[in-house]
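Since the structure comes first, as structure tokens, the remarks are kept for the end.
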Number of protein chains: 2
Amino acid sequence: MSMIADALGVSSATVSNALSGKGRVSADLVDKIRKKADELGYVPSNAGRALRTGRSNVLGLVLPDISNPLFPQIAQAMETAASNAGYGVLIADSRGKVTTQTQAISRLIERGVDGLVVIPRRGTRIGDVGCPVAMVDTPSTPGNTVSADHWEGGAKVARHLVDLGHQNFLLIGHDPASNVQNDRIGGMKSALGRNTRHTTIWLETLMHERGERASLGLIDHVQNGVTAIAAVSDLHALRVLTELQTSGIKVPQQVSVTGFDDLIFSPVVTPSLTTVHMDMARIAELAIAALVREIEQGKSTVQNGKAAKQTVTADTSKVSMELMVRASSGPAASPDAPFPTGETL
Amino acid sequence: MSMIADALGVSSATVSNALSGKGRVSADLVDKIRKKADELGYVPSNAGRALRTGRSNVLGLVLPDISNPLFPQIAQAMETAASNAGYGVLIADSRGKVTTQTQAISRLIERGVDGLVVIPRRGTRIGDVGCPVAMVDTPSTPGNTVSADHWEGGAKVARHLVDLGHQNFLLIGHDPASNVQNDRIGGMKSALGRNTRHTTIWLETLMHERGERASLGLIDHVQNGVTAIAAVSDLHALRVLTELQTSGIKVPQQVSVTGFDDLIFSPVVTPSLTTVHMDMARIAELAIAALVREIEQGKSTVQNGKAAKQTVTADTSKVSMELMVRASSGPAASPDAPFPTGETL
DNA sequence: CTGAAAGCGCTTACAG
DNA sequence: CTGAAAGCGCTTACAG
């Protein structure tokens, strides 16, 4: 910057004003300065600016587990949204543990992030961290900033399966402590209606009770009349699908299978997986917009009366989920399959 | 910092020296200063430090496509390695395009990263960017810093299949312009030996010629005697596996299937997928170590004679890949399957 | 062992 | 429209 100023015989204040386009500099000079900057390959120093303005223009993204297959979508969407808003994204992996999550957050704070997007570990509340935080979890979580409407997503799959004529369902969750999964399953149940039956399996519980590679007992369920299996994740749906196929049960002719999240492999398998897609780009935009608004209003400083409001509020907190109907749900199960009377859950 | 200095009646220089543990301060004072710092919840300003030292302690990670299913492993490993070395990680997605890759790199540079880890878009060479760069591609790529030994990985799968008694192979690649994939396929071919046959399909080429959802013609290949199908990615292996299963072809009884990368779903499907696993943690450590060494030697400044050496060199440039034998390769194809004489590729 | 001083590169009132 | 000055928070020679 001083190089440009010296080369042109102007003050660095003028260079700064010209380059930041604040309009206090004559058009001619702005042109000259711009040209010189290009010529010298001038790259403004973030450190200098950050020190002066007190803002780093960097956001932190805290993920519960980077190796989660949904992470790519999230990271990509956040990076794009942040980048469009002029922010960089620093990532931190909390590796499933709450303590690590706290450490991850501290590390980001130390690096001077202006705000944080946190995908919390199931049911974690984030303490006061000294900067605005956007939480992306599920609408039923207190403090949630934006997220997909997982409940509605569950309802959509269930309704789809009901419309197909299914009456006997197996719902597969993983972790009963997960808000997201509970919402998805809750949504499914809410849409199943009176003359259907369903059973819910939580894999984590099952594995805990019967060991790591416990059988899901899929065949038994099918023999007992289940014709639709709806999982809270494509990963589980994939497991179900391939297990059924290996046992010679035809999908979707004999059993319909659905997942969640539209993971990368879902359209690729045969039969392709019916699933529910979330508009991560929109969620990210809303989260980042809320964060940026708070940051740029400067409200986040501890100044104001009590503790600064921690988690930020977005314009819309629920983003609709889209049902992707593909081959694995297929046509209705043959209607002559007798409806097993008995307990309706 | 000045708060601590004032509270204790010492100079900020002393606070700085005490906190950074340079040993120029008496033990007593160090203790007092540490306590005061904790008490005040002092968090050093990165901006101040960066401005003074000229280093941000942040590294940039440039990914060809965040939505790649391998990305979680990479990002996680890099984040851990960087964090252990005292660096943060700023991500940037080059979204497949070379121009976007260049933009992504510029953005990171503008944010003042000290170094870059680049997973390059197939066959891209990185120009002079003004900071050290570690490239993670494949050993056969010029400028490669560290990577898995993809060729060896390919050789390992092929050898495994040969040992199982297979003699007629279908190799499935995606993009013939990818160095990684070419190395994997090359390695496979190198290990197939004399009395075997093989055909290679490149999906991108196929799709280009026959449309998006073109059939792989798997059944035909199997009818023509193929008993082992080896793909360059678990994603393709999964496609193959489910297509075969849907057609009633038993895996592994009739055909063995193998993939690459040990993606998250690979151990979960039935039959579980035989694949090749890379030690991303080690690759990340080597890449980051090489980068940090270069950064901390300060060699990267443009000072020295010609242009500063761009891509950095690691202690080891090839990291071994590990074969994960699982159910999908299974026992040898029945040996009474007649070996179709004819062209040996 | 401790401190006073300078300066990293910016931006922002404030004067002119 | 342009410039001189101050200061953001740190660290690093340099004195003492």
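Every chain is numbered from 1, with letters handed out A, B, ... down the list of sequences.
A salt bridge links A:Lys36 to A:Glu39: at least one charged side-chain nitrogen sits closer than 4.0 Å to a carboxylate oxygen.
Dashed line: the shortest gap from a side-chain N or O of A:Ser11 to OP1 or OP2 of D:dG3 is under 4.0 Å. Residue A:Ser45 places none of its side-chain N or O atoms closer than 4.0 Å to OP1 or OP2 of C:dC8.
The stretch residues 56-76 of chain A participates, sequence neighbours left out, in no salt bridge (Lys or Arg N to Asp or Glu O under 4.0 Å) pair at all. Within the structure, salt bridge (Lys or Arg N to Asp or Glu O under 4.0 Å) pairs that include any residue of residues 74-92 of chain B comprise A:Arg95-B:Glu79, A:Arg107-B:Glu79 (at least two apart or interchain). Residue pairs meeting the ring-ring contact (aromatic ring centres under 6.0 Å, His included) criterion with at least one member in residues 83-112 of chain B, sequence neighbours excluded, do not occur. Every pair passing ring-ring contact (aromatic ring centres under 6.0 Å, His included) that includes a residue from residues 31-72 of chain A is listed here, sequence neighbours excluded: A:Phe71-B:Phe71.
Atom-to-atom, CG of B:Asn57 to P of D:dC10 comes out at 14 Å; the value is rounded to the nearest Å. In this entry the distance linking CG of A:Asp6 with C1' of C:dG9 reads 13 Å, nearest Å. At whole-Å resolution of the value, CG in A:Leu40 and P in C:dG9 are 14 Å apart. One interatomic measurement links the two molecules: CD1 of B:Ile4 to P of C:dT2, which rounds to 16 Å at whole-angstrom precision. Atom-to-atom, CG of B:Asn46 to P of D:dG9 comes out at 14 Å; the value is rounded to the nearest Å. One atom, CE of A:Met3, and another, P of C:dC10, lie 11 Å apart when rounded to the nearest Å. In this structure, A:Glu110 places its CD atom 15 Å from C1' of D:dC10, rounding to the nearest Å.
Scored by the salt bridge (charged side-chain N to carboxylate O under 4.0 Å, His left out) test, B:Lys32 finds no partners at all (sequence neighbours excluded). Residues that satisfy the salt bridge (charged side-chain N to carboxylate O under 4.0 Å, His left out) test with A:Asp38, not counting sequence neighbours, are absent from this structure. Partners of A:Thr145 by side-chain hydrogen bond (donor to acceptor under 3.5 Å, both in side chains), not counting sequence neighbours: none found.
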Worksheet item: What string of B, S and - do you get for nucleotides 11-16 of chain C 5' to 3' if you count protein non-hydrogen atoms under 4.0 Å?
Response: BB----
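Counting only Watson-Crick and G-U wobble pairs whose two distances sit under 3.5 Å, DNA chain D takes part in these stems of three or more pairs: C:1-3 with D:14-16, C:5-12 with D:5-12, C:14-16 with D:1-3.
Heavy-atom nearest nucleotides on DNA chain C were determined for B:Leu29 and for A:Ser2, and the one closer to the 5' end corresponds to B:Leu29.
Each of D:dG9, C:dT2, C:dC10 was ranked by its minimum atom distance to the side chain of A:Leu51; first place goes to D:dG9.
One distance of note links CD1 of B:Ile119 with CD1 of B:Ile74; it measures 4.5 Å at 0.5 Å rounding.
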